[in-house]
Amino acid sequence: MRANTRLCKQLLAQRRTFSSTARRLDNYAFIGLGQMGYQMARNLQSKLPPSDTIRLYDINRDAAEKLAQEMSAQQAGGASVHVADSAADASREADTVVTCLPEPQHVKATYESILKDELSPRPGPRLFIDCSTIDPTSSREVAAAVDKALPNGQGHFVDAPMSGGVVGATVGTLTFMLGAPESLVAQSEIVLQRMGKRVLHCGPQGAGLAAKLANNYLLAIENIATAEAMNLGARWGLDPKVLASVINVSTGKCWPSEVNNPVPGVVKTAPANRDYQGGFGIGLMRKDLRLAILAAKEADAKLVLADKASEVYETTESEERCKGRDFSVVYRWLGGKG
């Protein structure tokens with residue numbers, strides 16, 4: 001009996017020792033606190049244990065300090081927060097670096113500054129997760145730079161562009177399209193699922209961006225076609241709600257017709273009911289379309305509708321009544337009536 005009691009005490013002691021020493025402290029860096037990055041960083045920090053640290057950096061220091069104050073004030077805890085003076089400063093001691101930046105040149109410049117800095121030794125390989133929407137070629141160039149600066153598996157770079165918009169970033173329901181080798185999927189998912197709901201592994205590094213741009217190219221075309229079809233039906237005397245109900249149970253059904261319908265009054269939650277405010281900005285659609293066209297040229301893939309679609313969005317955005325609004329505002333530019 002005493003032997004059994006002694007054995008139980010030994011097992012309990014081993015369990016306590018294991019639970020208290022198995023997990024090392026992790027350092028994170030989050031760089032790029034725009035509309036998406038701000039909310040993603042907030043969710044990431046809130047879901048990390050207090051023993052971890054997250055360093056924030058944005059070219060707009062006020063945004064970083066504001067977010068740090070919000071994080072420190074929350075009651076739920078989360079990782080300890082620091083505001084860094086530069087991207088290199090934020091990343092110097094980080095095990096995981098997340099970037100969310102506007103354009104390819106910003107991503108390249110940021111990683112150049114990080115990699116030329118003297119990075120502190122870490123217990124394991126560093127993981128760099130870029131959530132920016134850029135072209136796959138630029139992303140692969142950055143991945144190559146990481147491999148060169150941190151050889152022999154000291155650092156890994158993956159691409160993870162997201163879908164879901166500012167609303168999804170705020171409530172943590174983003175979908176990430178991950179481009180990474182199989183060996184890094186599980187590690188990347190742990191980080192990404194703290195900021196979103198779903199991670200789709202699309203293939204090796206660069207594949208996440210390829211999938212994102214292909215999807216958004218299709219969305220750009222569908223949005224214009226939906227606006228044209230709805231305008232056509234209205235001019236033929238059809239009730240827009242009736243036409244939408246027909247399309248949405250027929251072969252023309254798509255996200256712009258069912259969820260983001262461009263006609264005011266058809267879908268209650270669509271930006272069309274808010275004077276096209278909010279939603280996916282037409283400027284962002286122009287950017288993604290431009291990147292898709294660039295990637296298609298590099299891949300020698302023919303896009304017969306791309307140039308015309310690009311012209312439509314550029315012309316639409318140039319009009320004051322359409323500028324800065326959701327991309328479904330193409331309907332207004334066409335002369336559609338609400």
Side-chain angles (χ1 to χ4, degrees), residues 133 135 161-168 175 177 209-297 299 301-338:
T133 297
D135 61 287
M162 60 285 189
S163 176
V166 177
V167 172
T175 294
M177 287 143 276
L209 284 164
K212 167 75 182 284
L213 293 178
N215 177 77
N216 280 23
Y217 173 73
L218 177 60
L219 177 62
I221 303 301
E222 287 179 333
N223 179 63
I224 295 172
T226 299
E228 289 180 325
M230 294 300 297
N231 185 44
L232 179 63
R235 290 176 183 273
W236 278 338
L238 286 169
D239 182 321
K241 288 186 177 180
V242 171
L243 177 56
S245 69
V246 171
I247 291 172
N248 290 331
V249 294
S250 306
T251 52
K253 177 182 175 180
C254 57
W255 189 81
S257 70
E258 184 179 32
V259 177
N260 210 59
N261 196 284
V263 183
V266 173
V267 177
K268 187 182 297 185
T269 55
N273 289 317
R274 305 187 299 272
D275 193 29
Y276 299 97
Q277 299 291 343
F280 187 53
I282 192 168
L284 291 174
M285 175 49 79
R286 283 187 62 200
K287 171 203 166 185
D288 286 3
L289 188 54
R290 172 174 52 81
L291 291 172
I293 292 170
L294 174 62
K297 287 179 179 176
K302 185 182 291 186
L303 298 178
V304 296
L305 299 177
D307 288 341
K308 188 61 183 179
S310 184
E311 179 189 328
V312 167
Y313 286 114
E314 182 179 357
T315 306
T316 301
E317 191 180 26
S318 69
E319 294 193 8
E320 194 60 37
R321 63 192 181 123
C322 301
K323 188 178 296 183
R325 288 170 165 78
D326 180 76
F327 74 131
S328 62
V329 76
V330 164
Y331 178 79
R332 174 180 285 173
W333 173 77
L334 287 169
K337 304 299 181 182

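Numbering of residues begins at 1 and proceeds along the displayed sequence. Side chains included, hydrogens not; waters and symmetry mates left out as well; all remaining heavy atoms used.
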**Prompt:** Hey, does the side chain of Arg274 reach the backbone of Thr269 with a donor-acceptor pair shorter than 3.5 angstrom?
**Reply:** yes
**Complete:** Heavy-atom nearest pair, Gly283 first then Glu317, reads CA-OE2, 3.5 Å
**Prompt:** Which pair of non-hydrogen atoms, one from Asp135 and one from Leu209, has the smallest distance, and what is that distance?
**Reply:** O-CD1, 4.1 Å
**Asked** Please walk me through it: do Asp326 and Arg332 pass salt bridge (charged side-chain N to carboxylate O under 4.0 Å, His left out)?
**Response** CA-CA 11 Å; Asp326 180 76; Arg332 174 180 285 173; over 6 Å; no
**Request:** State, to 0.1 Å, how close Leu334 and Asn231 come at their nearest heavy-atom pair, and which atoms those are.
**Result:** O-ND2, 3.9 Å
**Message:** So Ser163 and Met177, do their side chains get closer than 4.5 Å, heavy atoms only?
**Reply:** yes
**Prompt:** Could you go step by step and tell me if Ile224 and Tyr313 meet the side-chain contact (heavy atoms from CB on, under 4.5 Å) rule?
**Reply:** CA-CA 9 Å; Ile224 295 172; Tyr313 286 114; 3.6 Å; yes
**Request:** Could you tell me how the ring of Phe327 sits relative to the ring of Phe280: parallel (under 30°), tilted (30 to 60°) or perpendicular (over 60°)?
**Result:** perpendicular
**Fill in**
Tightest non-hydrogen contact, residues Pro262 and Ala227, listed as CG-CA, 4.0 Å
**Request:** Supply the atom-to-atom distance Ile293 CD1 to Tyr217 OH, rounded to the nearest 0.5 angstrom.
**Result:** 7.5 Å
**Request:** Using atom types as modelled and distance alone, determine if a side-chain donor or acceptor of Ser310 lies under 3.5 Å from a backbone N or O of Ala306.
**Result:** no
**Prompt:** Where the side chain of Asp275 meets the backbone of Gln277, is there a donor-acceptor pair that is under 3.5 Å apart?
**Reply:** no
**Item:** Taking every non-hydrogen atom, the tightest pair across Val263 and Lys337
**Value:** CG1-O, 4.0 Å
**Request:** First locate atom OH of Tyr276, then atom CD1 of Ile282, and finally report the distance between them rounded to the nearest 0.5 Å.
**Result:** 11.0 Å
**Asked** So, do Thr316 and Arg325 sit near enough that their side-chain heavy atoms are less than 4.5 Å apart?
**Response** no
**Prompt:** Say you draw a straight line from CG of Asp307 to CD of Glu314; how long is it, rounded to the nearest 0.5 Å?
**Reply:** 11.0 Å
**Prompt:** Of all heavy-atom pairs between Asn260 and Pro271, which one has the smallest distance, and what is that distance?
**Reply:** OD1-CD, 3.1 Å
**Fill in**
The single option from Thr226, Asn248, Asn223 that satisfies side-chain hydrogen bond (donor to acceptor under 3.5 Å, both in side chains) with Ser257 is Asn248
**Message:** Using 0.5 Å steps for rounding, measure from the NZ atom of Lys287 to the CZ atom of Arg290.
**Reply:** 7.5 Å
**Item:** Approximate separation, where rounding is to 0.5 Å, of Leu284 CG and Thr133 OG1
**Value:** 8.5 Å
**Message:** Has Lys212 got a side-chain atom pairing as donor or acceptor with Asp288's backbone, closer than 3.5 angstrom?
**Reply:** no
**Item:** N/O donor-acceptor pair under 3.5 Å between Asn273 side chain and Lys268 backbone
**Value:** yes
**Item:** Rounded distance [0.5 Å steps], CG in Asn261 versus CD1 in Ile247
**Value:** 7.5 Å
